[in-house]
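Please read the structure below before turning to the comments.
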There are 2 protein chains.
Amino acid sequence: MSTAWLDQIDWTPEGLVPAIAQDATSGRILMFAWMNRESLALTVSSGEAVYWSRSRNRLWRKGEESGHLQKVKELRLDCDGDVVLLSVEQLGGIACHTGRESCFFRELEGDEWLVKDPVLKAPEQMYGR
Amino acid sequence: MSTAWLDQIDWTPEGLVPAIAQDATSGRILMFAWMNRESLALTVSSGEAVYWSRSRNRLWRKGEESGHLQKVKELRLDCDGDVVLLSVEQLGGIACHTGRESCFFRELEGDEWLVKDPVLKAPEQMYGR
C-alpha cells in the first residue's frame with residue numbers, strides 16, 4: 001500500500017498528529033490522544049487504534065492492558081491535514097482509564113468541573129495484576 | 001466568578017489547551033483548535049466559542065468574519081485535564097473555512113483521502129469583501 005496518504009498529514013515538529021476517537025454508534029467523544037507515523041500506519045493496517053504515548057515514549061495499543069480495544073470504522077482528516085478523527089467501536093464500552101465510557105466526564109457548571117458520568121468498572125479490575 | 005476552574009486545566013508550556021467542537025444536535029465533530037486562558041474565559045463568559053489562533057497569534061472569535069458563530073451549550077474537560085470539549089450550536093451549519101459543515105470532510109479509503117462532504121457555501125461568499 002502506498003504511504004502517500006501518510007505524507008499528506010501535517011505532522012508536528014515532533015512527528016505527531018492529534019487524534020480524536022469518537023464512538024461510531026453513540027457519537028460520543030471518547031478520548032483524545034496523539035499518533036506518530038508508525039502508530040497511524042499500524043492503526044490502519046490492524047484496524048485497531050494504536051496511539052503514541054508521549055509520557056511513556058512508546059507505541060500504545062489502546063486496550064493492550066484493559067482489553068478495551070478500539071475497532072476503527074472510519075478515519076478522517078481535517079481541512080488543514082493536522083488532526084485525525086477515528087470513528088470506533090469501543091470494546092467493553094469503556095475508553096477512559098478511570099473506568100468511564102469517555103474521558104470527557106467532567107462538565108463545567110458555574111465555576112466548577114462536576115463529574116457527570118458513572119464509573120462502569122473499577123480501575124483495579126481493569127488493570128489489576 | 002472564581003477562576004479556579006481555569007487553574008485546574010493542565011495548559012501546555014505555551015499556555016494552550018486543545019479544544020474539540022462537537023455539534024450539539026448531530027454529534028458531528030466540527031473542528032479542532034486551540035484555546036489559551038483568555039480565550040477559554042471569554043468563551044465561557046460570552047457563551048460563544050473564542051479560540052487562540054496560533055498562526056495569527058491572536059484571539060479568534062469563531063465566525064467573526066463568516067458570521068458562523070458557535071453557541072456553547074456545554075463545556076467538558078477530560079480525565080487528564082488537558083483537553084476541552086465544546087458542545088455547540090453551529091450558526092449557519094458551517095464550521096469549516098472551506099464552506100463545509102465540518103473540517104473533517106476527508107475520509108481514508110484504501111490509501112487515499114477522499115472528500116466526502118459537500119461545500120454548502122462558497123468561501124468567496126463567506127469571506128467576500
Side-chain angles (χ1 to χ4, degrees), chain A residues 1-9 17-23 25-34 40-41 43-44 54-55 72-87 95-100 102-117, chain B residues 1-9 17-23 25-34 40-41 43-44 54-55 72-87 95-100 102-117:
Chain A
M1 186 161 111
S2 157
T3 56
W5 64 278
L6 283 168
D7 299 328
Q8 286 175 258
I9 292 175
V17 69
I20 303 165
Q22 180 174 30
D23 189 283
T25 306
S26 69
R28 186 100 197 254
I29 306 304
L30 300 175
M31 57 180 281
F32 171 94
W34 295 82
L40 183 52
T43 295
V44 169
R54 296 185 303 169
S55 56
V72 179
K73 301 297 179 185
E74 189 183 282
L75 183 63
R76 288 193 173 230
L77 181 64
D78 78 341
C79 50
D80 297 325
D82 61 2
V83 184
V84 296
L85 172 63
L86 291 79
S87 179
C96 186
H97 75 287
T98 64
R100 294 179 176 88
S102 162
C103 294
F104 294 90
F105 58 81
R106 287 184 285 178
E107 182 185 343
L108 190 67
E109 283 199 7
D111 54 9
E112 279 187 290
W113 296 107
L114 299 185
V115 172
K116 304 293 264 188
D117 302 343
Chain B
M1 188 160 107
S2 158
T3 56
W5 64 277
L6 283 167
D7 299 328
Q8 284 175 261
I9 292 175
V17 68
I20 303 165
Q22 181 174 30
D23 189 283
T25 306
S26 69
R28 186 101 195 254
I29 306 304
L30 300 174
M31 57 180 281
F32 171 93
W34 295 83
L40 182 53
T43 295
V44 169
R54 295 185 304 169
S55 56
V72 180
K73 301 296 178 186
E74 189 182 282
L75 183 64
R76 287 194 173 231
L77 181 64
D78 78 341
C79 51
D80 297 325
D82 60 3
V83 184
V84 295
L85 172 62
L86 291 78
S87 179
C96 186
H97 75 287
T98 65
R100 295 179 175 88
S102 162
C103 294
F104 295 90
F105 59 82
R106 289 184 284 179
E107 183 184 343
L108 190 68
E109 283 198 6
D111 56 9
E112 278 188 290
W113 296 107
L114 299 184
V115 172
K116 304 293 263 187
D117 301 343

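Letters A, B, ... mirror the listed sequences (proteins, then strands); counts begin at 1.
Only the side chain of A:I20 has a heavy atom closer than 4.5 Å to any heavy atom of chain B. Residue contact with chain B, scored on non-hydrogen atoms closer than 4.5 Å, involves the backbone and the side chain of A:F105 alike. Within the 4.5 angstrom heavy-atom criterion, only side-chain atoms of B:Q8, from C-beta onward, approach chain A. Contact of A:L30 with chain B is not made at all, since no heavy-atom distance falls under 4.5 Å. Contact annotation for A:E107: both backbone and side-chain heavy atoms come within less than 4.5 Å of a heavy atom of chain B.
In this structure, B:C103 SG and A:D82 CG are separated by 9.5 Å, a value rounded to the nearest 0.5 Å. Remark: B:L86 CG to A:I29 CD1 distance equals 11.5 Å, nearest 0.5 Å. Taken to the nearest 0.5 Å, the CZ atom of B:F104 stands 12.0 Å off from the CD atom of A:E74. With values rounded to the nearest 0.5 angstrom, A:T43 atom OG1 is found 11.0 Å from B:L108 atom CG.
Looking at residues two or more places apart in sequence or on another chain, you find a side-chain hydrogen bond (donor to acceptor under 3.5 Å, both in side chains) between B:D117 and A:R76, B:R28.
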For this session: Apply side chain to side chain contact (heavy atoms under 4.5 Å, CB included) to B:W113 and A:L75, showing your working.
Result: CA-CA 9 Å; B:W113 296 107; A:L75 183 63; 3.9 Å; yes
Exercise. Between A:H97 and B:D80, does a side chain to side chain contact (heavy atoms under 4.5 Å, CB included) hold up when you go through it step by step?
Worked result: CA-CA 10 Å; A:H97 75 287; B:D80 297 325; 4.1 Å; yes
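Summarising the geometry of B:D111 relative to A:W5, their closest heavy-atom pair is O-CB, 3.5 Å, with the distance given to 0.1 Å.
Looking only at heavy-atom pairs under 4.5 Å with chain A, the residue among B:V115, B:L6, B:D78, B:L77 that has the most is B:L77.
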